[in-house]
Amino acid sequence: MIKITLPDGAVREYAPGITALEIAKSISEGLARKVLAANVNGQVWDATRPIKKDAALKLLTWDDKDGKTTFWHSSAHLMAEAVESLFPGVKFWVGPALTKEGEKGFYYDMDLGGTKISEEDLRKLEKKMNELAKSGSNYIRKEIPKAEALQYFSGKGDEYKLDLLQGLQDGEITFYSQGNFTDLCRGPHIPHTGFIKAIKLTNIAGAYWKNDEKNKMLTRVYGVTFPSQKELDEYLLLLEEAKKRDHRKLGKELGIYTMDDDVGPGLIMWLPNGTIIIEELENLAKETEHAAGYKRVITPHIAKESMYLTSGHLPYYAESMYPPMELEGEKYYLKSMNCPHHHKIFAAEPKSYRDLPYRIAEYGTVYRYEQSGELFGLMRVRCLHMNDAHIYCTKEQFEAEFRAVNEMYIKYFKIFGIDKYVMRLSLHSPEKLGQKYVNEPELWKETEEMVRQVLISSEIPYMEVQDEAAFYGPKIDVQIYSVIGREFTLATNQVDFSQGRSFKLQYTTADNQSDTPLIIHRAPLGTHERFIGFLLEHYAGKLPVWLSPLQVKILPISDKFLDYAQSILQKLKNYDIRAEVDDRQEKIGKKIRDTELSRVPYMLVVGEKEMTENKVAVRRQGRGDLGAKTVDDFINEINIEIKERTAE
RNA sequence: GCCGUUGUAGCUCAGUGGUAGAGCACUUCCUUGGUAAGGAAGAGGUCGUGAGUUCGAUUCUCAUCAACGGCUCCA
């Protein structure tokens, strides 16, 4: 007999070779009907795989992350079976479940050999999958010797699976079959296809083989499945809801920004409403930076080629810059970063250690030639306005400065109520030294450790990622997700041990020597484009009062009270409160509805009663009637909310 | 840049080988109405752009631009 330890600590004895599914049955039939897979000694297994030795066992159902992953991976196999029956001769690459935060479903990459697949085909495939699922075929695991596996796939002329086999050792190769479909697969799988009750193939996309753009492009079909139609419906509804929060939709609805074919792709024009948001953000940045000892500077949008040779941008990042324009025999580039200009400002006057840390800030406009397929609303654009600053400091000052920058992030995030983010320590890749990264192996190690120590001692939770550093040094990135699940770097705090030397930046030390400062590049508010895109989604368009382009709408009950409404408008304007009167000849219900939908935070309803008492009936967007107040009381309260930048 | 889809009024969308339609928004008039849609009339589009097929193209074909969904990329 073998001992099986369950998650609650209970130990049960079974005959060797028992499966997780049989164990589930021994506990309860109901449980057995839900088991998708099993965690055996920390590894996810088929629920139908015999357990031969003592083990810790956790039964996995739809409620477990690993249960879902197994379910979706098995769904990918089911889809492959359907594809093979509709498109004979198709060759498959890999078909994993989606595992990233917030993602649901699976895909399968395939080579259809020139056949194009359409939306219509997806519907046919769904139908086929439903048929196959109903048959309830078991997923059958088989261990196969490598030689036999090689023979099988070379017989089929399947170069993709042969390629996968190359990386596998004899003895670790398994095939899985269900119905008429057999695939090289590590597994695990759910017991049978009958679990898959609701199927939706979501889209067709191209994907480079092995994620390398030099390779052939395969066809990728995405799909999502659920154990019940209800869950699929809920999921689709959720997607619809997310679309409503998409910053591109909100940006249009709220009159934040526009783009135009004649201006060019990725070039944002900020409408008056968007410009108000920008001005408020810049005011916040100015106040914060002023308090933290930064000085503001302004630099031009272009510079000569020679500066970008010095900075290292041209050798490392020419492809991401707009091509140069030639004037008077010189090449000029649109700037893709502000740092070189700022370095020149540092160098403009001799510096001593007494001048350090030297902190200069600018909402700098930069231009980046992003690939056309990468552009994405406000989140990925070609002209952006960075909340940029550079701190030039000594090695001794570095830690305190770097820490202060992190603290500034956190202060900002509090204001915006941003609590879902990931701090990412972005490190270099040693094998890319001299290509993607400046070739200074020792300095890389040293500064990476320095940054890590700041994070650890500040007790900031973070994750480490290789090959995400800037070319001049490691950085801390703050990662966020758009409503449709795309990941972006919102803010960044970077160390630069390289450009100070490239630009021959110097300061005089206390013992009258010369030294090169370390540089911190930081952008806690990222760029206006990405930050406002993020804020629109974060607040679902309901911006806090201090950021709202229009803060108050005055709604007279009828024309008779227009004068009174105008007098209130004047008072609000005296306090720089952004307000308008709705002077349309509409009923109050209509005015309220329209104002609610346009997400103006405060509505002031004024009629006979309010006019005689010199009051306003206050209504808060999304919350309804708050009752009557005197105009002065209302002004005092909203002023506090604006000045304190209250989060909601 | 690559694969795929889409492109009709300010917005959301319908439609057709014989030069276009709805709802909302807009304008005017009636209505002066107390907390999420009062009524009527009107104006508004060379159907993304260019070329081809055709007696005739917004509709079919090709090219091009842009947007969208992915891939690659993201200093």
Side-chain angles (χ1 to χ4, degrees), chain A residues 107 109 112 116-119 122 202-222 243 246 248-249 252-253 255 258-266 308 311-313 316-321 335-340 366 368-377 379-381 386 426 436-438 468-473 475 477 484 486-489 492 494 496 499 521 523 530 555-562 584-597 603-610 617-622 624-627:
Chain A
Y107 66 81
D109 282 352
L112 287 158
K116 281 185 180 165
I117 194 167
S118 68
E119 290 283 330
L122 292 190
T202 47
N203 57 49
I204 310 161
Y208 297 110
W209 184 39
K210 295 186 180 178
N211 290 339
D212 187 335
E213 63 179 329
K214 290 186 204 78
N215 285 341
K216 187 170 178 175
M217 183 157 269
L218 303 176
T219 303
R220 175 175 294 181
V221 178
Y222 283 89
K243 272 190 195 157
D246 191 309
R248 292 166 297 186
K249 189 169 166 62
K252 188 170 253 175
E253 278 175 19
T258 191
M259 289 191 267
D260 190 283
D261 283 2
D262 279 339
V263 176
Y308 293 112
S311 70
H313 284 85
Y316 290 99
Y317 289 105
E319 275 185 15
S320 304
M321 295 177 75
K335 68 178 173 183
S336 62
M337 288 183 84
N338 300 300
C339 35
V366 301
R368 297 177 180 181
Y369 184 66
E370 303 285 0
Q371 293 185 59
S372 56
E374 282 317 312
L375 301 173
F376 177 69
M379 299 287 202
R380 194 80 181 271
V381 295
M386 281 187 92
S426 299
K436 194 173 168 185
Y437 305 111
V438 292
E468 291 287 347
F471 74 84
Y472 43 65
K475 54 179 182 161
D477 292 321
I484 63 163
R486 272 199 221 177
E487 183 181 2
F488 289 100
T489 299
T492 182
Q494 315 180 341
D496 179 354
Q499 289 194 56
H521 304 236
R530 193 169 285 179
L555 311 179
I557 297 284
S558 79
D559 286 2
K560 288 184 205 154
F561 313 105
L562 264 178
R584 296 175 305 164
Q585 294 188 18
E586 294 288 354
K587 290 194 176 174
I588 193 65
K590 171 74 165 163
K591 291 181 181 179
I592 286 169
R593 176 180 159 81
D594 289 347
T595 314
E596 285 279 347
L597 291 175
M603 283 152 263
L604 302 180
V605 178
V606 293
E608 185 70 41
K609 217 171 89 195
E610 289 73 21
V618 181
R619 189 184 163 98
R620 183 73 210 245
Q621 202 273 348
D625 196 351
L626 299 183

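Heavy atoms only: backbone and side chains are in, while hydrogens, waters and symmetry mates are out. Naming: A, B, ... by sequence-line order, numbering from 1 per chain.
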Can you name the atoms? Protein N/O to nucleotides 58-67 of chain B N/O, anything below 3.5 Å, with the distance.
| residue | atom | partner | partner atom | Å |
| --- | --- | --- | --- | --- |
| A66(B) | O2' | Asp261(A) | OD1 | 3.4 |

Distances under 3.5 Å between protein N/O atoms and the N/O atoms of nucleotides 22-28 of chain B, please, pair by pair.
| residue | atom | partner | partner atom | Å |
| --- | --- | --- | --- | --- |
| A25(B) | OP1 | Lys590(A) | NZ | 2.6 |

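Remark: the separation of the P atoms in G69(B) and G17(B) is 31 Å, to the nearest Å. A20(B) and A14(B) are spaced 11 Å apart, taking the C1' atom of each and rounding to whole Å.
Scored by the side-chain contact (heavy atoms from CB on, under 4.5 Å) test, Glu370(A) finds Arg368(A), Leu375(A), Arg380(A), Arg382(A) as partners (sequence neighbours excluded). Taking the salt bridge (charged side-chain N to carboxylate O under 4.0 Å, His left out) definition, one finds that Asp477(A) meets it with Arg424(A), Lys475(A), sequence neighbours left out. Evaluation of the side-chain contact (heavy atoms from CB on, under 4.5 Å) rule for Asp559(A) yields Leu562(A), Gln585(A) as partners, not counting sequence neighbours. The ring-ring contact (aromatic ring centres under 6.0 Å, His included) search around Phe376(A) returns His247(A), Phe488(A), not counting sequence neighbours. Lys587(A) pairs by the salt bridge (charged side-chain N to carboxylate O under 4.0 Å, His left out) definition with nothing, not counting sequence neighbours. With sequence neighbours excluded, the residues satisfying side-chain contact (heavy atoms from CB on, under 4.5 Å) with Leu122(A) are Glu119(A), Leu125(A), Leu201(A), Ile204(A), Val221(A). With sequence neighbours left out, Arg619(A) forms a salt bridge (charged side-chain N to carboxylate O under 4.0 Å, His left out) with Glu596(A). Residues passing the salt bridge (charged side-chain N to carboxylate O under 4.0 Å, His left out) test with Arg593(A), sequence neighbours excluded: none. Checked against side-chain contact (heavy atoms from CB on, under 4.5 Å), Asn215(A) has the following partners two or more places apart in sequence or in another chain: Trp209(A), Lys210(A), Asp212(A).
Of the possible donor and acceptor atoms, none in the side chain of Arg620(A) sits under 3.5 Å from a partner among the backbone N and O of Leu626(A).
Between Tyr222(A) and Tyr107(A), the two ring planes are tilted [angle within 30° to 60°].
Taking every side-chain heavy atom of Asp625(A) into account, U35(B) is the closest of A75(B), U35(B), G33(B).
Gly589(A) comes within 4.0 angstrom of the backbone, heavy atoms only, and of no base. Phe471(A) comes within 4.0 angstrom of no nucleic acid atom, judged by non-hydrogen atoms across all strands. Using a 4.0 Å heavy-atom distance criterion, Arg619(A) is classed as a base contact. Within the 4.0 angstrom heavy-atom criterion, base atoms lie near Glu608(A). Using a 4.0 Å heavy-atom cutoff across all strands shown, Lys591(A) reaches no nucleic acid atom at all. Within 4.0 Å (heavy atoms only), Tyr472(A) reaches sugar-phosphate atoms of the nucleic acid but no base atom.
Not a single donor-acceptor pair, N or O on each side, falls under 3.5 Å between the base of G1(B) and the side chain of Tyr369(A). The base of C71(B) lies outside donor-acceptor range of the side chain of Arg220(A), with no N or O pair under 3.5 Å. In terms of polar N and O atoms assigned as donor or acceptor, the side chain of Glu610(A) comes within less than 3.5 Å of the base of G34(B) in a complementary pairing.
Comparing Ile588(A) and Ala470(A) along RNA chain B, the residue whose closest nucleotide (by nearest heavy atom) sits nearer the 5' end is Ile588(A).
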Can you give me the dot-bracket string for RNA chain B, 5' to 3', counting Watson-Crick and G-U wobble pairs with both distances under 3.5 Å, using [ ] for crossing pairs and | for partners on another strand?
(((((((..((((....[..)))).(((((.......))))).....(((((..]....))))))))))))....
